[in-house]
Number of protein chains: 2
Amino acid sequence: MPKIIAERSDVIPVLAEIFREYGYEGASLSLIASRTGLGKGSLYHFFPGGKEEMASEVLREIDGWFEDAVYKPLRDGDDPRAAILEMCRSVATYFWSGKRVCLIGAFALDNVRDRFSDAIRDYFAVWQRSLQQALVRIGHDADRASDIAEDAILSIQGALVLSRALDDTAVFERAMARVETGLLAGPDQGNGRTGP
Amino acid sequence: MPKIIAERSDVIPVLAEIFREYGYEGASLSLIASRTGLGKGSLYHFFPGGKEEMASEVLREIDGWFEDAVYKPLRDGDDPRAAILEMCRSVATYFWSGKRVCLIGAFALDNVRDRFSDAIRDYFAVWQRSLQQALVRIGHDADRASDIAEDAILSIQGALVLSRALDDTAVFERAMARVETGLLAGPDQGNGRTGP
DNA sequence: ATAAATGTTTACCGATTGGTACAATAAAGC
DNA sequence: GCTTTATTGTACCAATCGGTAAACATTTAT
């Protein structure tokens with residue numbers, strides 16, 4: 001094999017950051033080439049499908065990360081309470097307290113949504129279902145757990161939008177604190193937000 | 001004056017819909033020209049500043065609509081409770097139960113955020129402050145009202161992201177119902193979400 | 001009627017877009 | 001040491017990008 005400056009898997013996180021910063025349309029091939037240090041030839045060698053395949057792989061990698069770091073512990077962990085707490089911590093770290101955008105959320109609002117609709121839907125659907133399962137194991141009934149999980153995920157996404165719009169990480173941190181207390185409030189005490 | 005097929009003010013809502021569908025970068029001038037029925041020359045006659053001016057005017061118009069239909073009643077209306085209820089109704093209608101994207105929220109996640117950062121920040125900041133004032137008039141203390149208002153706006157934005165990602169308007173409607181009850185819960189009963 | 005103001009159309013600009021072709025290069029296997 | 005195979009750089013492509021120029025049409029004020 002010839003000289004390997006970078007493997008395909010090394011390039012994907014760089015691509016992810018580029019898409020996050022510039023969006024799908026805004027990330028031109030020349031920009032990608034210069035930021036990755038790879039020529040167009042190499043890029044199309046690694047990703048024959050072009051920009052669309054690059055973005056697909058990025059989405060897959062993000063989904064994989066969340067699957068391992070967040071979803072799986074929520075579903076299979078011994079302690080659902082601890083998994084939920086860990087989710088909040090992971091999410092806050094991952095999104096750099098709101099400074100880093102959720103690429104999948106951004107794609108959902110973009111016109112490229114249709115192109116990646118399956119990946120986008122799965123990402124949120126699996127997250128919601130995993131969180132719901134953890135809540136059920138805490139003692140909530142299924143419907144209530146579904147509602148709470150939905151509200152938590154949507155609050156995180158909204159927090160990313162609002163903290164970025166106001167350029168204020170405190171917005172994100174306050175929202176995460178609210179999400180955490182909302183998720184960990186037991187099934188006995190109502191929280192006035194999701195239910196009867 | 002020469003023949004007027006469309007006034008500037010007539011074009012702006014069309015532009016808004018184009019930007020909503022395709023994003024800032026995705027809305028090419030030729031697309032804009034064909035959708036508005038105006039040639040490039042006419043476009044640049046109405047908007048000498050080009051695409052950036054078109055987007056600015058769209059943002060201004062959106063802000064103006066919210067100012068009249070939502071913010072002002074929240075601040076100055078006789079009945080703050082009614083104004084809050086009306087806000088929820090207006091928002092649900094405006095966003096077509098989640099099928100229509102919040103252009104300003106989408107811009108906030110996009111790389112064009114820097115270009116329109118002032119308009120984006122003001123839109124959300126004024127919304128939050130107006131809603132906070134209404135909550136204070138209901139009887140909340142200032143800090144608590146600020147927190148509740150922030151949570152409501154962020155939930156709406158997150159609901160738009162999530163309902164679009166899952167392609168399910170029910171997500172948006174459930175979220176709006178939660179927002180409404182959260183906003184209208186009196187200052188006496190805690191709601192477990194924003195509380196001390 | 002005519003001049004001036006106001007829109008509109010069309011052709012065009014250089015730059016950049018995503019993508020392709022292909023030769024050059026470098027290492028691994030024999 | 002030669003061939004094979006995987007990677008890279010360069011040149012190039014048609015298409016489209018945002019934007020400009022200027023001739024052209026239409027209407028109002030005089």
Side-chain angles (χ1 to χ4, degrees), chain A residues 1-59 103 106-107 110-116 119, chain B residues 1-59 103 106-107 110-116 119:
Chain A
M1 295 170 188
K3 67 173 171 186
I4 296 179
I5 288 182
E7 289 195 28
R8 207 180 112 110
S9 56
D10 293 331
V11 182
I12 294 177
V14 181
L15 290 176
E17 223 51 49
I18 297 172
F19 283 129
R20 250 186 268 272
E21 282 181 46
Y22 297 92
Y24 183 78
E25 317 239 35
S28 69
L29 279 187
S30 54
L31 178 69
I32 293 173
S34 81
R35 287 268 295 244
T36 58
L38 262 43
K40 284 190 186 179
S42 308
L43 249 20
Y44 272 85
H45 178 72
F46 285 130
F47 307 96
K51 209 157 79 148
E52 184 152 347
E53 186 176 345
M54 297 180 207
S56 284
E57 289 304 304
V58 166
L59 293 183
L103 184 60
F107 273 20
D110 200 278
N111 64 319
V112 296
R113 179 190 68 146
D114 300 335
R115 232 190 286 217
F116 306 104
Chain B
M1 295 171 190
K3 68 172 169 187
I4 296 179
I5 289 181
E7 289 195 28
R8 206 181 114 112
S9 58
D10 294 329
V11 181
I12 292 177
V14 181
L15 291 176
E17 224 51 50
I18 296 172
F19 283 128
R20 249 187 270 271
E21 282 181 46
Y22 296 92
Y24 183 78
E25 317 240 35
S28 70
L29 279 186
S30 54
L31 177 69
I32 293 172
S34 81
R35 286 269 294 245
T36 57
L38 262 41
K40 284 190 186 181
S42 306
L43 250 17
Y44 272 85
H45 177 71
F46 284 130
F47 307 96
K51 209 157 79 147
E52 184 151 347
E53 185 176 345
M54 298 180 205
S56 283
E57 289 304 304
V58 166
L59 294 183
L103 184 61
F107 273 21
D110 200 278
N111 65 320
V112 297
R113 180 190 66 147
D114 299 336
R115 234 191 284 219
F116 306 105

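None of these values were measured; they are calculated from a predicted model. To find a chain, count down the sequence lines: A is the first, B the second, and so on, and within it residues start at 1.
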* Asked: Distance from A:Met54 atom CE to A:Ile32 atom CD1, nearest 0.5 Å?
  -> 5.0 Å
* Structure fact -> The complete set of side chain to side chain donor-acceptor pair (under 3.5 Å) pairs with one or both residues in residues 21-34 of chain B, sequence neighbours excluded, reads B:Glu21-B:Arg35, B:Glu25-B:Asn111, B:Ser28-B:Ser30
* To do: Take atom CZ of B:Phe46 and atom P of D:dG19, then tell me their distance rounded to the nearest Å.
  => 18 Å
* Asked: Can you check the B:Ile32 CD1 to D:dG19 C1' distance for me, whole Å?
  -> 12 Å
* Asked: How would you label the contact of B:Gly41 with the nucleic acid (heavy atoms, under 4.0 Å): base, sugar-phosphate, or nothing?
  -> base
When the side chains of residues 39-47 of chain B are checked against the rest of the protein, which donor-acceptor pairs come out under 3.5 Å, sequence neighbours left out?
none

* Separation between OG1 of B:Thr36 and CD1 of B:Ile12, rounded to the nearest 0.5 Å -> 12.0 Å
* Asked: For A:Leu43 and D:dT8, what is the distance between atoms CG and P respectively, to the nearest whole Å?
  -> 10 Å
Set out, line by line, the N/O atom pairs under 3.5 Å between protein and nucleotides 16-19 of chain C.
unit_1, atom_1, unit_2, atom_2, d
C:dT17, OP1, A:Ser28, OG, 3.1
C:dT17, OP2, A:Ser30, OG, 2.9
C:dG18, OP1, A:Lys51, NZ, 2.8
C:dG18, OP2, A:Leu29, N, 2.6
C:dG19, OP2, A:Tyr44, OH, 2.6
C:dG19, OP2, A:Lys51, N, 3.3
C:dG19, O5', A:Tyr44, OH, 3.1
C:dG19, O6, A:Lys40, NZ, 2.4

* To do: Take atom NE2 of A:His45 and atom P of C:dA23, then tell me their distance rounded to the nearest Å.
  => 18 Å
* **B:Glu52: salt bridge (charged side-chain N to carboxylate O under 4.0 Å, His left out) partners, not counting sequence neighbours** => B:Arg115
* With rounding to the nearest 0.5 Å, note down the distance linking CG in B:Asp10 to CG in B:Leu38. => 10.5 Å
